[in-house]
Protein chains: 2
Amino acid sequence: MASLAEENYLKLIYHLSGSGAEEVSTNALAEQTQTRAASVTDMLRKLADKNLVHYKKYQGVRLTPEGQEVALQVIRRHRLWEVFMVEKLGFRWDEVHPIAEELEHIASAELINRLDAFLDFPVSDPHGDPIPTAAGTMPSPEYEKLCEVTAGQRVTMMGVSEHAASFLQFLSKAGLIPGSIVSVLEINDFDRSMILKINESAPSFVSYEVARNILIKFSV
Amino acid sequence: MASLAEENYLKLIYHLSGSGAEEVSTNALAEQTQTRAASVTDMLRKLADKNLVHYKKYQGVRLTPEGQEVALQVIRRHRLWEVFMVEKLGFRWDEVHPIAEELEHIASAELINRLDAFLDFPVSDPHGDPIPTAAGTMPSPEYEKLCEVTAGQRVTMMGVSEHAASFLQFLSKAGLIPGSIVSVLEINDFDRSMILKINESAPSFVSYEVARNILIKFSV
DNA sequence: ATAAAAATTTAGGCTTGTCTAAATTTTTAT
DNA sequence: ATAAAAATTTAGACAAGCCTAAATTTTTAT
């Protein structure tokens, strides 16, 4: 069994490696875990001993298949609890992350699979992030960034690539939540900002920085 | 903030002291926590330093008001999660205790109060145990033991005073769950065993040992 | 009343996960 | 190519929560 600290490292390595594609550096982990690089080194040795990561001194770290499975289960639990909190308990999407950080470490598979069924087998969390399957695979929907859409097109908002509460609150106010129908009315050449029509309401302005962090799919 | 280990000690002291009525001994705590008496002593000193218990060497321990509040919150969380698992996720009452032992340490008051509302403010858990209020008071319904009922009386099953999974499974099979209507048909003088009619089904036999651990109220 | 037994505490130690300071390796810039 | 900078690891330490063994206090039995 992976400890709470170990689970957090594995999850973080998964995210920082781009879903396991690249090596992650000790310093990158230290920055995100708010610990010192020396502490990270200690933990990486321990994870390597348990066969959860491939680790060679000075060369970064990468998940083993076993480590990836643990990471995906933690992410699955995290995202299912987020769905529960938003759908059933009425939390806003900008409130649930810190609580899910705790709930994600309750390991019972029975609990999680029943929760999954209770929630009707959701495929994504309130931020549009895909929920790993019970079998341990991560669905990978192919979304575009809103900033890549051309003027005149109509798309569906599918998720975000930035999860800061303040960003999410801003989007809620603008009505930009997963499922919203968005038409790009104008794009400003100068700064790539956009004017959008969201769900038939009055036009809204969004900066490039915002558009860059919104995931969309082209409406069928 | 109380750590996970501290919360477990406080909860246990609450239970072993008869809801805070009496002093609890070091050995009693060691037995229940599956640790050594020396470890308990260490923890009691720490809890005393944090003003969560009154502790004098060799004289046992008792909760302070602050300690009792923490204990009641942990118990509240535990019991609300048990209701959730049984009512919403379809778990059986004999399955939920170990999982609730983990969920009870997720501290968010917002989470628990919303869960409480989602469950419609239950007053007792699946075993009939009362759920402490958000304000930190323990309701104390006054139930009798089934073994004290006389032949011919009709009562309502309200809960249990023994929580072993095997006992709960036995009761489920007999249809003896909270809410069941029970008529005492006969009592055997010799061993105080009983013959019961449970919800109009065929008569069942229960030993004194079983009857002693079933809580009832007299039907109105 | 007092010796034996039981309960409890003290002393010293171990593991996990963290830290600081110093040493080492890798990368970058000239 | 090599020196400086950056990244990483090693060494030694600490708090939390547990352990064993030994010492101390309380309780029990005569």
Side-chain angles (χ1 to χ4, degrees), chain A residues 1-14 16-18 22-63 66-67 70-71 74 101-102 104-107, chain B residues 1-14 16-18 22-63 66-67 70-71 74 101-102 104-107:
Chain A
M1 285 295 91
S3 72
L4 188 148
E6 288 167 355
E7 284 191 349
N8 281 334
Y9 272 92
L10 293 171
K11 179 183 57 156
L12 185 59
I13 293 167
Y14 181 88
L16 291 181
S17 68
E22 313 142 35
E23 310 281 323
V24 178
S25 75
T26 300
N27 266 5
L29 289 166
E31 190 183 330
Q32 293 290 316
T33 53
Q34 304 266 52
T35 61
R36 300 308 177 142
S39 309
V40 173
T41 299
D42 287 347
M43 181 57 91
L44 295 185
R45 281 207 324 107
K46 197 196 308 179
L47 292 172
D49 289 347
K50 290 192 173 188
N51 234 297
L52 294 166
V53 299
H54 295 298
Y55 170 59
K56 277 199 194 121
K57 290 204 298 188
Y58 298 103
Q59 319 245 115
V61 72
R62 137 177 311 211
L63 295 175
E66 292 84 350
V70 174
V74 174
E101 288 285 303
E102 299 187 56
E104 73 188 7
H105 300 293
I106 311 281
Chain B
M1 286 295 89
S3 72
L4 187 147
E6 288 166 355
E7 284 190 349
N8 281 334
Y9 272 92
L10 294 170
K11 180 183 56 156
L12 185 58
I13 293 167
Y14 181 87
L16 291 182
S17 68
E22 313 141 34
E23 310 281 323
V24 178
S25 74
T26 300
N27 267 5
L29 290 166
E31 191 184 327
Q32 293 290 316
T33 53
Q34 303 265 53
T35 62
R36 299 308 178 141
S39 308
V40 173
T41 299
D42 287 347
M43 181 56 91
L44 295 185
R45 282 206 326 106
K46 198 197 306 180
L47 292 172
D49 289 348
K50 290 192 172 187
N51 233 297
L52 294 166
V53 298
H54 295 300
Y55 171 59
K56 277 199 192 118
K57 290 203 301 189
Y58 298 103
Q59 322 244 114
V61 70
R62 134 178 312 208
L63 296 174
E66 292 84 350
V70 174
V74 175
E101 289 284 302
E102 299 187 55
E104 73 187 7
H105 300 292
I106 311 283

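All chains are named by letter (A, B, ...) in the order of the sequence lines, taking the proteins before the strands, and each is independently numbered beginning at 1. No hydrogens, no waters, no symmetry mates; every other heavy atom, side chains included, goes into these values.
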Rounded to the nearest 0.5 angstrom, the CG-OH distance for B:Leu52 and B:Tyr9 is 14.0 Å
Would you tabulate the pairs of protein nitrogen or oxygen atoms and nucleotide nitrogen or oxygen atoms of nucleotides 22-27 of chain C closer than 3.5 angstrom?
unit_1	atom_1	unit_2	atom_2	d
C:dT25	O4'	A:Tyr58	OH	3.4

Rounded to whole Å, how long is the line connecting atom CE of B:Met43 with atom C1' of D:dC19?
14 Å
Without decimals, in angstroms, what is the distance between B:Arg45 CZ and D:dA15 C1'?
13 Å
In whole angstrom, what separates B:Asp42's CG from C:dT8's P?
15 Å
Does B:Tyr55 put a side-chain nitrogen or oxygen below 4.0 Å from OP1 or OP2 of C:dT9?
yes
Under the 3.5 Å Watson-Crick or G-U criterion, the dot-bracket string of DNA chain D, with | for inter-strand pairs
||||||||||||||||||||||||||||||
If every non-hydrogen atom of A:Glu101 is compared with every non-hydrogen atom of A:His105, which pair is closest and at what distance?
O-CD2, 3.1 Å
Listed nucleotide nearest any side-chain atom of B:Thr26, set D:dT8, D:dC18, C:dT9
C:dT9
With a 4.0 Å cut-off on heavy atoms, is B:Thr41 in touch with a base, just the backbone sugar-phosphate, or nothing at all?
base
Just how far is it from atom NZ of B:Lys57 to atom CZ of B:Arg45, taken to the nearest 0.5 Å?
9.0 Å
Rounded to the nearest 0.5 angstrom, the CD-CD distance for B:Gln59 and B:Glu23 is 8.0 Å
Output yes when a side-chain donor or acceptor of A:Thr33 lies under 3.5 Å from a complementary backbone atom of A:Leu29, and no otherwise.
yes
Within this structure, what is the NZ-to-C1' distance between B:Lys56 and C:dT9, rounded to whole angstrom?
17 Å
D:dA15 P sits how many Å from B:Lys50 NZ, rounded?
14 Å
Closest heavy-atom pair and its distance - A:Met1, A:Lys50
O-NZ, 3.5 Å
Output the distance between atom CG (A:Leu12) and atom CD (A:Glu7), rounded to the nearest 0.5 Å.
13.5 Å
Spatial distance of atom CZ (B:Arg62) from atom CD1 (B:Ile13) [nearest 0.5 Å]:
11.5 Å
Inspect the contact between A:Glu6 and A:Lys11 and indicate whether a charged nitrogen and a carboxylate oxygen are less than 4.0 angstrom apart.
no
Roughly how far apart are A:Glu102 CD and B:Glu102 CD, rounded to 0.5 Å?
13.0 Å
Integer-rounded Å distance: C:dT8 P and B:Leu44 CG:
10 Å
Counting only side-chain N and O atoms of A:Asn27, is one of them less than 4.0 Å from OP1 or OP2 of D:dT8?
yes
Nucleic acid contacts - residues 31-40 of chain B versus DNA chain D, non-hydrogen atoms under 4.0 Å:
B:Gln34, B:Thr35, B:Arg36, B:Ala38, B:Ser39
Distance-minimising heavy-atom pair for B:Gly60 and B:Tyr55:
O-CD1, 3.7 Å
